[in-house]
Visitor: 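This structure is in structure tokens; I'll ask about it shortly.
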Amino acid sequence: MHNQYVSKEQLAKLYSCRPKWIPDSCEPKCMHCNGKFTPLRRRHHCRHCGKLCCHNCSNHFIPLPEIAYFAPVRVCKPCCHDLMTRSHSLNALLLQTQPEKAESTNPKRFSD
């Protein structure tokens, strides 16, 4: 799904599904590693869960088209792992449900 093919109503619905971000002022440390935020350890929001994370805990970038992030955006390690696991599980399921390829209709040739 690309935004040029999504109606304004559909796009508004996707935007409304985005997580609420934790306000910067509510958390003085990374919500994953508990490292204190400083001028060098900056806050970042995971676009998937909305939690505040340091760079080391949120250095993955993937698209999230289900919530209208069509280009890769920052996600935290736990969300990335969860999303990748779901993606791999879905791919495995799709591969299992694919019909087997029919054998070629070309007759086999044997050399004399």
Visitor: Hey, could you give me the CG/NZ distance between Asn56 and Lys77, rounded to the nearest 0.5 Å?
Guide: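 Rounded to the nearest 0.5 Å, the CG-NZ separation comes to 6.0 Å.
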Visitor: List in chain and number order the residues that pass side-chain contact (heavy atoms from CB on, under 4.5 Å) with Ser25, two or more places apart in sequence or in another chain; answer none if no residue qualifies.
Guide: Pro23
Visitor: Going by the rule side-chain hydrogen bond (donor to acceptor under 3.5 Å, both in side chains), which residues pair with Glu27 if we only count those two or more places apart in sequence or in a different chain?
Guide: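 side-chain hydrogen bond (donor to acceptor under 3.5 Å, both in side chains) list for Glu27, sorted by chain: empty.
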Visitor: Which heavy-atom pair separates Ile22 from Lys51 by the least distance, and what is that distance?
Guide: CG1-CA, 4.0 Å
Visitor: Output all residues satisfying side-chain contact (heavy atoms from CB on, under 4.5 Å) with His55, sequence neighbours left out; order by chain, then residue number.
Guide: His44, Asn59, Arg74
Visitor: Quick one: which residue pairs count as a salt bridge (charged side-chain N to carboxylate O under 4.0 Å, His left out) with a foot in residues 29-44, not counting sequence neighbours?
Guide: none
Visitor: Please give me the minimum heavy-atom distance between Cys76 and Cys46, naming the atom from each residue.
Guide: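 So the minimum-distance heavy-atom pair works out to N-SG, 3.3 Å.
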Visitor: What's the shortest heavy-atom distance between Cys30 and Cys53, and which atoms?
Guide: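 That would be SG-CA, 3.8 Å.
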Visitor: Hey, any chance Phe70 and Tyr15 share a hydrophobic cluster, counting ILVMFWY side chains that come within less than 4.5 Å of each other, even indirectly?
Guide: yes
Visitor: State the CZ-CD distance between Arg18 and Glu66, to the nearest 0.5 angstrom.
Guide: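 Result: 10.5 Å between the selected atoms.
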Visitor: Quick one, His32 and Pro78 - any side-chain contact, counting heavy atoms below 4.5 Å?
Guide: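 SC-SC contact between His32 and Pro78 confirmed.
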Visitor: Please step through side chain to side chain contact (heavy atoms under 4.5 Å, CB included) for the pair Leu52 and Phe37, ending with a clear verdict.
Guide: CA-CA 10 Å; Leu52 281 165; Phe37 292 125; 4.2 Å; yes
Visitor: Check which hydrophobic residues are tied to Ile62 through side-chain heavy-atom contacts below 4.5 Å, counting indirect links as well, and list them.
Guide: Trp21, Leu64, Ile67, Tyr69, Val73, Val75, Leu83
Visitor: Among all residues two or more places apart in sequence or in another chain, which pass the side-chain hydrogen bond (donor to acceptor under 3.5 Å, both in side chains) test with Arg86?
Guide: Asp82
Visitor: Check Pro65 against Leu14 and note the closest heavy-atom contact, atom names and distance.
Guide: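 For Pro65 versus Leu14, the nearest heavy atoms are O-CD1, 4.0 Å.
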Visitor: At what distance, to the nearest 0.5 angstrom, does CZ of Arg47 lie from OG of Ser58?
Guide: 8.5 Å
